[in-house]
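A short write-up of the structure that comes next.
Given the structure is predicted, the values throughout are model-derived calculations rather than measurements. A note on names: the letters A, B, ... follow the listed sequences, proteins ahead of strands, and every chain is numbered from 1.
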Number of protein chains: 2
Amino acid sequence: MAKQIKIKDIAAMAGVSVGTVDRVLHNRGNVSERSLKAIEQVLAETGYKYNIHTSAISLKKEYNIAITTPIAVKGEYWGAVRDGIMHAINEYSDIKLNCTFFFYNQFDIYSCRSSFESILEQSPDAVIIGPTFKSETQRLCKELDDKHIPYVFVDAVIEGTSPVSTYSTDQYACGQLLGRMLDTFTPEDSEFAIMSSQRIGNERSSNSLARKKGFQDYFRSKGMQNRIHETSFSVLDPAESERKVLSFLNENPKIKGMAIMNSRGYILADILRKNGIKEICLISFDLTQNNIKGIKDGTIGAILCQRPELQGFHALKSLIRQLLYNQKEETVNHTMPIDIIVRENLPYYREFFEM
Amino acid sequence: MAKQIKIKDIAAMAGVSVGTVDRVLHNRGNVSERSLKAIEQVLAETGYKYNIHTSAISLKKEYNIAITTPIAVKGEYWGAVRDGIMHAINEYSDIKLNCTFFFYNQFDIYSCRSSFESILEQSPDAVIIGPTFKSETQRLCKELDDKHIPYVFVDAVIEGTSPVSTYSTDQYACGQLLGRMLDTFTPEDSEFAIMSSQRIGNERSSNSLARKKGFQDYFRSKGMQNRIHETSFSVLDPAESERKVLSFLNENPKIKGMAIMNSRGYILADILRKNGIKEICLISFDLTQNNIKGIKDGTIGAILCQRPELQGFHALKSLIRQLLYNQKEETVNHTMPIDIIVRENLPYYREFFEM
DNA sequence: GTTATATTTGTGTACGTGCACAAATATAGT
DNA sequence: ACTATATTTGTGCACGTACACAAATATAAC
């Protein structure tokens with residue numbers, strides 16, 4: 001409740017006019033060395049803070065923001081990220097934001113390339129990236145760096161880039177947590193399965209790999225690495241998958257815990273449900289519509305979530321701060337909480353974020 | 001990005017001046033029946049939304065807000081609630097808020113009475129209540145209702161009151177979740193203990209009671225109610241408590257799960273640690289400094305949390321909406337998520353709210 | 001119908017910042 | 001020293017809302 005310092009005050013203290021202070025605050029240039037120094041000094045001393053409210057209403061500029069993520073489907077992971085972004089757009093409805101979504105197929109590198117090309121073509125003021133393909137993303141970021149276009153990451157961080165900030169989860173910790181949970185949820189001497197879902201080709205996301213490593217390391221640290229089995233199933237051929245999974249479980253009857261490193265747990269849940277298998281504890285990722293169903297009827301024991309809405313929300317908020325106020329928050333990695341969701345606390349995990 | 005409708009537009013459409021529209025929006029009275037109807041009609045049709053930014057800067061009025069909760073200690077539950085409130089105060093630093101905290105001792109009804117009296121005396125514009133004593137709180141609310149002073153609840157809801165909104169957790173669900181967790185975390189045929197912490201007198205918070213009921217119902221629904229034991233220990237006399245707990249465990253050697261319905265789990269954790277008891281899974285509430293220690297060294301198996309910061313944050317935000325924009329959001333009960341925190345996901349549960 | 005009073009309505013200024021444009025000053029070229 | 005040009009600085013209006021105050025209209029009393 002201390003009295004806020006205004007631009008007018010800064011100007012008076014530095015012995016210049018408000019216009020000059022404004023130029024400094026917005027890096028608009030055309031300021032003499034002497035004025036610059038004086039103003040910066042005063043700014044540092046007083047710890048001036050923008051009045052978001054007034055700057056928002058006075059703002060004439062329209063910002064073009066490009067958002068590129070895997071295709072956002074309602075009720076799925078990237079859909080939730082988009083919801084968070086939309087929520088932020090709504091909250092900042094006074095700022096003229098021109099947001100364009102460039103969705104790509106995360107299993108098709110060409111679609112990713114074409115999205116990225118379109119982005120560079122339109123030359124936006126800032127970009128939100130939900131990355132999948134590493135070198136493609138690095139290439140995009142390099143171009144953005146050259147053009148001095150700021151960008152933020154959601155969901156994952158790509159090395160060798162310089163984003164304004166990133167919003168992601170510690171996937172290795174997710175894997176460890178997953179291991180710990182399966183371990184405690186199952187009887188002693190149980191064995192465990194890592195289920196890999198496959199599509200065409202055998203692309204693996206780096207998120208899945210990090211999770212898997214954490215999972216394996218958990219059991220390794222307990223000297224239980226020999227209790228882990230691994231198999232794969234096809235996302236696109238349910239019948240074939242069912243046969244494969246059942247015969248796998250037949251061959252390994254001691255398996256009581258089942259882990260999958262992505263959000264496809266519901267496919268396994270369908271198989272378990274259909275065949276009345278109840279003694280296996282299945283844990284999946286992401287609070288998607290399909291997985292919620294599994295949680296409700298008990299075919300999925302638990303879900304690990306990483307607050308996709310919050311990620312999207314903060315990503316846009318961070319960009320706005322960057323664009324409007326030049327707040328260079330030296331590339332912080334914001335690591336989101338990992339929520340554990342089971343049947344009993346499911347109803348309360350609605351998009352309760354907004355903070 | 002649709003063009004926002006302004007007060008000026010409303011005025012033109014209703015055939016009146018902006019001043020009259022302003023009077024309607026702020027319930028300032030002195031408006032003729034005819035104008036009122038016309039304006040309300042237009043408002044309903046257009047779905048006018050305040051521009052928070054501009055209304056904040058133009059606002060001259062200073063709002064006095066009273067906040068009364070049990071004593072807020074840094075690192076404990078009510079400390080976190082206060083942190084959330086402070087966070088909201090900070091976010092709305094442009095609005096002239098005069099917040100006064102009236103802390104009371106939650107184990108002393110007289111201190112509560114005196115706090116409430118002070119509040120009524122200062123006659124604030126709005127109140128945030130973290131309730132403990134039911135009839136005291138009801139009495140306060142009755143007076144506030146008479147004076148048309150809006151109030152919100154955090155942490156718990158008191159029946160027979162009419163708050164603007166409430167931010168709390170479903171304690172019964174917490175208890176059920178606790179039961180489910182202890183059940184799955186322990187070997188078959190385990191028995192369970194409900195540990196009640198006692199102070200002077202035997203006051204029990206309604207939160208604890210609801211949790212306990214949920215806990216018992218979980219086991220009842222599984223036909224396992226006979227596996228629950230119950231005992232109590234003193235918060236104020238650690239040595240005596242230690243003796244009591246140890247002898248209790250001796251008498252009931254099959255106990256492998258231990259539940260406490262409040263945040264005092266760390267006291268039990270100390271006993272377990274000191275005596276090298278490792279086969280018992282202890283679950284407590286609230287992410288307090290003391291409990292965090294137990295989680296880290298494994299003496300506490302898990303903690304259930306109810307986002308106290310978020311509760312405080314939203315409580316104040318809700319009041320601001322009420323005061324500034326008269327948004328009567330018909331007494332919604334906002335039920336917070338119940339977070340499950342174990343060692344692996346602990347590091348990421350920092351006050352990550354801000355949304 | 002006239003005056004006094006109460007009620008309703010409209011107008012104008014302030015809030016703090018963004019930005020366009022005009023004014024002032026510095027620099028370079030002759 | 002005098003233009004011409006480039007650089008730097010200051011001024012003023014706009015943004016949409018809150019609110020004080022003046023103006024207009026309605027109501028009451030005689």
Side-chain angles (χ1 to χ4, degrees), chain A residues 3-40 43 46 48-63 92-96 125 320-321 323-327, chain B residues 2-40 42-43 46 48-63 92-96 125 320-321 323-327:
Chain A
K3 209 180 161 192
Q4 286 291 338
I5 287 172
K6 302 170 287 179
I7 288 186
K8 210 170 155 186
D9 302 324
I10 302 282
M13 290 165 94
V16 294
S17 73
V18 289
T20 309
V21 176
D22 182 70
R23 272 179 283 269
V24 172
L25 285 171
H26 294 272
N27 286 332
R28 281 196 241 280
N30 290 334
V31 176
S32 71
E33 196 71 17
R34 215 164 53 89
S35 304
L36 183 71
K37 270 190 186 165
I39 292 169
E40 277 179 341
L43 284 175
T46 55
Y48 171 75
K49 267 178 61 185
Y50 283 84
N51 184 326
I52 310 183
H53 301 304
T54 36
S55 66
I57 52 161
S58 317
L59 196 67
K60 295 258 169 45
K61 193 167 161 48
E62 205 174 299
Y63 288 103
Y92 285 93
S93 59
D94 302 283
I95 296 168
K96 281 151 205 65
D125 298 296
I320 290 175
R321 276 198 301 273
L323 289 174
L324 268 71
Y325 314 120
N326 282 309
Q327 289 181 7
Chain B
K3 210 180 163 191
Q4 287 291 337
I5 287 172
K6 302 170 288 179
I7 288 186
K8 210 171 154 186
D9 301 325
I10 303 282
M13 290 164 95
V16 294
S17 74
V18 288
T20 309
V21 177
D22 182 70
R23 272 180 282 270
V24 172
L25 285 171
H26 290 86
N27 285 332
R28 280 196 241 280
N30 289 332
V31 175
S32 70
E33 195 72 18
R34 213 163 54 87
S35 303
L36 183 72
K37 269 191 185 163
I39 292 169
E40 275 180 341
V42 177
L43 283 174
T46 55
Y48 171 74
K49 266 178 60 186
Y50 282 84
N51 184 327
I52 310 184
H53 301 303
T54 35
S55 71
I57 53 162
S58 315
L59 197 66
K60 295 256 168 48
K61 193 166 162 46
E62 203 173 301
Y63 288 103
Y92 285 92
S93 58
D94 301 282
I95 296 168
K96 281 150 205 63
D125 298 297
I320 290 175
R321 274 197 302 272
L323 289 174
L324 269 72
Y325 314 120
N326 281 311
Q327 290 181 6

Return the minimal non-hydrogen interatomic distance between [X] and [Y], and the atom names on each side.
X: Val42(B); Y: Met13(B); result: CG1-CB, 3.8 Å
X: Ser17(A); Y: Ala11(A); result: C-CB, 3.7 Å
X: Val24(B); Y: Glu40(B); result: CG1-CG, 4.4 Å
X: Lys96(B); Y: Lys60(B); result: CD-O, 4.2 Å
X: His53(A); Y: Ile52(B); result: ND1-O, 4.4 Å
X: Ile57(A); Y: Thr54(A); result: CG1-O, 3.1 Å

Quick check: are there more than 12 heavy atoms from other residues, nucleotides or ligands sitting under 6.0 Å from NZ of Lys8(A)?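 It does not: Lys8(A) NZ has 12 such atoms or fewer within range.
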Q.
The criterion is ring-ring contact (aromatic ring centres under 6.0 Å, His included); which residues satisfy it with Tyr48(A), sequence neighbours excluded?
A.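 Tyr48(A) satisfies ring-ring contact (aromatic ring centres under 6.0 Å, His included) with Tyr50(A) only.
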message: Return the CG to NZ distance between Leu323(B) and Lys61(B), rounded to the nearest 0.5 Å.
response: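 Between atom CG of Leu323(B) and atom NZ of Lys61(B) there are 8.5 Å.
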- Bend across the helix from dG1(C)-dC30(D) to dT30(C)-dA1(D), to 10°, with axes taken over 5 pairs at each end?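 Its terminal axes enclose an angle near 40°.
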Exercise for the section: Compare all side-chain heavy atoms of Tyr63(A) with those of Ile320(A) and state whether any distance is below 4.5 angstrom. Expected result: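 A side-chain contact is absent here, since even the closest heavy-atom pair is not under 4.5 Å.
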Does any non-hydrogen side-chain atom of Asp9(A) lie less than 4.5 Å from one of Thr46(A)?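 Sidechains of Asp9(A) and Thr46(A): no contact.
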Please tabulate, one pair per line, all N/O donor-acceptor pairs under 3.5 Å involving side-chain atoms of residues 28-37 of chain B, not counting sequence neighbours.
residue, atom, partner, partner atom, Å
Arg28(B), NE, Asp22(B), OD2, 3.4
Arg28(B), NH2, Asp22(B), OD2, 2.9
Ser32(B), OG, Ser35(B), N, 3.3
Ser32(B), OG, Ser35(B), OG, 3.0

What pairs of nitrogen or oxygen atoms, one from the protein and one from nucleotides 13-17 of chain D, lie under 3.5 Å apart?
residue, atom, partner, partner atom, Å
dC15(D), O2, Ser58(A), OG, 3.3
dG16(D), N2, Ser58(B), OG, 2.7
dT17(D), OP1, Tyr48(B), OH, 2.5
dT17(D), OP2, Ile7(B), N, 2.9
dT17(D), O2, Ser58(B), OG, 2.5

With a strict under 4.0 Å distance from non-hydrogen atoms of chain A, what nucleotide opens and what nucleotide closes the contacted stretch of DNA chain C, reading 5' to 3'?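 The contact span of chain A on DNA chain C goes from dG16(C) to dC19(C).
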Interatomic distance where NZ belongs to Lys96(B) and C1' belongs to dC19(D) [whole Å]:
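Interatomic distance, NZ of Lys96(B) to C1' of dC19(D): 14 Å.
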* Identify, residue by residue, the members of residues 33-40 of chain A with a heavy atom below 4.0 Å from DNA chain C, and return them in order of residue number, or none. =>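 Contacting residues: none.
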